[in-house]
Amino acid sequence: MVPRVRFAPSPTGYLHVGGARTALFNWLFARRHRGVFVLRIEDTDVERSSSDMVEGILDGLRWLGLDWDEGPKVDGPYGPYFQSERREHYRSTAERLVAQGSAYYCYCTAEELKAKREAAEQTSGGWKYDRTCCRLTADAVAERERTRLPRAIRVKVPDGPIRFDDLVHGAIEMDGANIEDFVILRSDGHPTYQLSVVVDDAEMKISHVVRGDDHISNTPKQILLYRAIGADAPQFAHVPLILGPDKKRLSKRHGATSVMEYSRQGFLPEAMVNFLALLGWSPGSAEVELYTRDELVRSFALEGIGGGNAVFNPDKLEWFNQQHIARLPPDELGVRVKPSLEAAGLWRDDYFTNRHAWFFAVLELLKPRAKRLGDFVSQGRYFFTDEVEYDRSAVDKHLGEDMAGHLHALDAAFAQLPTFEMTAIEEALRLTADARSVKAATLIHAVRVGVTGKTVSPGLFEVLALLGRDTVHRRLVAAVQLASPSRS
RNA sequence: GUCCCCAUCGUCCAGAGGCCCAGGACGUGGCCCUUUCAAGGCCAAAACACGGGUUCGAAUCCCGUUGGGGACGCCA
């Protein structure tokens with residue numbers, strides 16, 4: 001039997017890193033075992049759900065490369081995959097449970113319940129539904145039904161232990177006495193999560209439920225429902241939560257939590273996937289941290305998921321990003337960097353055609369310094385435009401008036417070079433420095449500032465070679481001007 | 001308040017009774033390389049929460065304490 005897993009987000013927000021990791025674990029498990037990855041949208045809360053949010057979540061999953069086998073836009077044998085389109089399944093199931101005696105109508109109003117709960121919290125602290133409506137006589141129920149009094153449906157929770165074997169936590173047991181008679185169908189006819197999730201997981205033949213730790217306490221309720229509807233419960237694997245640096249559950253307060261926000265910030269999906277996979281999961285003893293998506297699929301196992309919560313570490317994410325950027329082949333890197341250049345207005349189509357060799361060489365040079373995709377632009381913009389932005393303090397420091405003559409001489413030396421390539425450039429510069437009794441380093445720094453506007457760049461000779469003789473000449477002329485006393 | 005989960009360096013993990021005076025990665029500090037900054041290489045500091053057991057022997061098993069997290073909704 002092929003494993004069937006699902007990711008079931010509720011579209012009440014964007015895909016955040018916690019949800020992304022849950023989705024990733026499900027996806028990895030499905031791919032590892034050649035199973036099926038189902039995407040189901042849990043939009044039973046009409047008030048808080050929106051189609052924009054659905055799109056946002058799909059975008060996040062697509063960006064991460066987590067493709068689903070059944071779900072929105074991918075028909076399957078167990079659809080529809082939006083809970084809002086499956087109401088009849090839930091309603092009829094709930095009525096069936098009432099008919100067979102495992103659930104009952106509850107006519108208590110929200111106000112009544114709220115009052116009771118608040119009163120109880122004043123005194124004892126905790127509160128469970130007091131089963132007022134469970135004790136109603138058949139006549140009393142019939143009377144209320146006749147007057148069409150609004151009612152919800154509650155499950156009658158039996159006392160006694162409910163056990164299950166969690167794939168990450170092991171045996172877990174809870175006593176029904178600690179669980180209240182929870183609502184499965186609201187008075188407006190909409191199902192609650194507890195009902196819809198069980199009905200759908202059962203009908204969609206889900207074999208393994210991999211979800212957040214925060215659902216552990218829901219699991220016994222759901223097991224009760226599986227029993228009541230006469231279905232086998234799936235295997236459960238409850239993944240610990242992702243925490244912020246303050247050890248509190250990760251939330252907006254901790255900065256970027258939307259997966260797409262990381263995309264915007266220049267992170268690679270490869271890096272995010274690698275980072276998230278290793279947050280709470282480990283392949284075992286291998287002392288390797290960098291994985292491609294395929295490698296993760298090959299080594300993934302639910303057994304490797306640890307039991308404790310994990311703190312989200314942005315520094316490590318950034319390191320993964322740098323490593324994955326460094327591993328991108330040149331043409332692929334070009335594709336990834338293009339949007340940043342476009343956003344800066346520095347993109348030119350011939351970077352992919354006539355000048356692709358030059359373009360790729362520039363990216364390769366900038367690569368070891370790039371932590372995010374935007375760094376190619378912020379650190380290397382002088383490659384893509386002649387409008388050099390000079391760092392004022394760098395100019396003051398390295399382009400003193402004594403440099404004007406040196407730079408002029410260097411420009412002349414460059415003009416004499418038979419070929420303008422790295423070793424020849426270096427030789428010319430060192431010779432010029434010698435001849436004029438300046439330290440090569442001093443001249444190098446001056447040229448760097450003059451040509452790139454910055455004190456920081458890749459190796460200067462590579463930079464000059466890639467910029468080309470004409471560009472270097474123009475900038476050297478400009479640098480001589482900058483260094484000349486007349487400028488002020 | 002009740003119930004549940006968790007507990008190894010600052011952080012993420014390895015460790016499934018002797019291989020561990022605890023290993024890797026990020027971060028931090030130092031050195032090397034060097035025209036700057038990175039990258040890379042090398043080195044260093046840094047942890048088994050505490051207390052009881054069990055055992056010849058415990059980071060590993062059991063109990064308790066403490067600490068952290070989660071759930072107790074006609075939210076999901």
Side-chain angles (χ1 to χ4, degrees), chain A residues 8-12 42-45 47-49 83 106 108-110 113-114 117 120-121 123-129 150-154 166 168-169 172-175 177-180 182-188 190-194 196-197 212-220 238 240-241 243 245 247-249 275 278-290 304 306-320 322 326 366-371 375 379 394 398 426 429-430 439-445 447-449 452 454-461:
Chain A
S10 68
T12 53
E42 308 219 325
D43 54 352
T44 54
D45 185 354
E47 298 291 306
R48 302 199 300 152
S49 302
Q83 292 192 328
C106 175
C108 297
T109 64
L113 294 170
K114 193 174 172 218
R117 187 171 295 117
E121 272 162 15
T123 53
S124 63
W127 189 75
K128 261 172 56 178
Y129 178 61
R151 51 18 176 204
I153 293 180
R154 284 180 188 270
D166 191 275
V168 347
H169 295 286
I172 295 178
E173 176 179 316
M174 268 180 258
D175 195 320
N178 292 317
I179 301 170
E180 78 168 349
F182 55 99
V183 172
I184 54 175
L185 200 74
R186 301 174 169 109
S187 48
D188 64 4
H190 290 295
T192 64
Y193 165 74
Q194 308 292 0
S196 58
V197 75
D213 230 346
D214 48 340
H215 285 293
I216 288 183
S217 53
N218 287 325
T219 307
H238 286 99
L241 303 177
L243 273 25
K247 302 285 181 75
K248 300 287 184 199
R249 190 175 175 166
F275 172 69
L278 261 31
L279 199 58
W281 171 77
S282 164
S285 54
E287 290 181 348
V288 185
E289 306 246 322
L290 286 165
N309 293 338
V311 173
F312 186 88
N313 182 347
D315 284 338
K316 193 154 185 179
L317 205 212
E318 193 162 64
W319 177 79
F320 274 114
Q322 184 172 40
L366 261 9
K367 208 154 98 165
R369 262 150 287 249
K371 287 178 151 63
D375 291 347
Q379 294 172 7
H398 296 288
E426 175 161 10
L429 184 140
R430 294 195 188 277
K439 287 208 295 186
T442 308
L443 189 53
I444 285 169
H445 290 138
V447 173
R448 172 175 289 115
V449 173
T452 71
K454 302 166 175 297
T455 54
V456 177
S457 82
L460 185 68
F461 306 118

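What you see is a predicted model; the values in this text were computed from it and never measured. Note on naming: letters A, B, ... go to the chains in the order of the sequence lines (proteins, then strands), and numbering restarts at 1 for each one. Heavy atoms only: backbone and side chains are in, while hydrogens, waters and symmetry mates are out.
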Report the distance from atom [atom1] of [X] to atom [atom2] of [N], rounded to the nearest whole Å.
X	N	atom1	atom2	result
A:Lys114	B:C74	NZ	C1'	14 Å
A:Asp214	B:C6	CG	P	15 Å
A:Met174	B:A71	CE	C1'	8 Å
A:Lys128	B:C72	NZ	C1'	11 Å
A:Asn309	B:G70	CG	P	8 Å
A:Tyr193	B:G73	OH	C1'	14 Å
A:Lys371	B:C26	NZ	P	12 Å
A:Trp319	B:G24	CH2	P	14 Å

Both A:Cys106 and A:Ile172 contact RNA chain B. Taking the nearest nucleotide for each, which residue is further toward the 5' end?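 Here A:Ile172 is the residue nearer the 5' end.
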Minimum heavy-atom distance between A:Pro458 and A:Arg448, given as atom pair plus value: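 The answer is O-NH2, 3.8 Å.
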Which heavy atom in A:His169 sits nearest to a heavy atom in A:His238, and how many Å separate them?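 Answer, listing the atom of A:His169 first, then A:His238: NE2-O, 3.2 Å.
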Within less than 4.0 Å of OP1 or OP2 of [N], is there a side-chain N or O belonging to [X]?
X	N	result
A:Arg117	B:C74	yes
A:Lys248	B:G69	yes
A:Arg369	B:G40	no
A:Thr442	B:U35	no
A:Arg151	B:C74	no
A:His169	B:C6	yes
A:Lys316	B:C13	no

NA contact type, [X], heavy-atom cut-off 4.0 Å: base, sugar-phosphate, or nothing?
X	answer
A:His215	base
A:Glu42	sugar-phosphate
A:Gln322	sugar-phosphate
A:Glu173	sugar-phosphate
A:Ser282	sugar-phosphate
A:Leu113	base
A:Thr192	sugar-phosphate
A:Gly306	nothing
A:Leu278	sugar-phosphate
A:Gln379	nothing
A:Phe312	nothing
A:Thr12	nothing
A:Gly212	nothing
A:Pro458	base

Do [X] side-chain and [N] base share a donor-acceptor contact under 3.5 Å?
X	N	value
A:Lys367	B:A39	no
A:Asn218	B:A76	yes
A:Ser217	B:C3	no

Do [X] and [Y] touch side chain to side chain, with heavy atoms closer than 4.5 Å?
X	Y	result
A:Val456	A:Gln379	no
A:Phe312	A:Leu317	yes
A:Thr192	A:Thr44	no
A:Cys108	A:Tyr129	yes
A:Met174	A:Thr219	no
A:Val311	A:Lys247	yes
A:Pro283	A:Leu278	yes

Both distances below 3.5 Å, Watson-Crick or wobble geometry, any strand: find the nucleotide opposite [N].
N	answer
B:A39	none
B:C9	none
B:A49	B:U65
B:U34	none
B:C21	none
B:U28	B:A44
B:A71	B:U2
B:A58	none

Given [options], which nucleotide is nearest the side-chain atoms of [X]?
X	options	answer
A:Ser457	B:C74, B:U36, B:A76	B:U36
A:Arg154	B:A71, B:U36, B:C74	B:C74
A:Ile216	B:G70, B:G27, B:C5	B:C5
A:Val456	B:U36, B:U11, B:A76	B:U36
A:Ala310	B:C74, B:A71, B:C12	B:C12

[atom1] atoms of [N] and [M], separation to the nearest Å:
N	M	atom1	result
B:A16	B:C61	C1'	11 Å
B:A59	B:C19	P	9 Å
B:U36	B:C13	C1'	36 Å
B:C4	B:U8	C1'	23 Å
B:C6	B:A45	P	34 Å
B:G15	B:G51	C1'	24 Å
B:A49	B:G10	C1'	16 Å
B:C33	B:A22	C1'	33 Å

Roughly how far, to the nearest 0.5 Å, is the OH atom of A:Tyr193 from the CD atom of A:Gln83?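 It comes to 9.0 Å.
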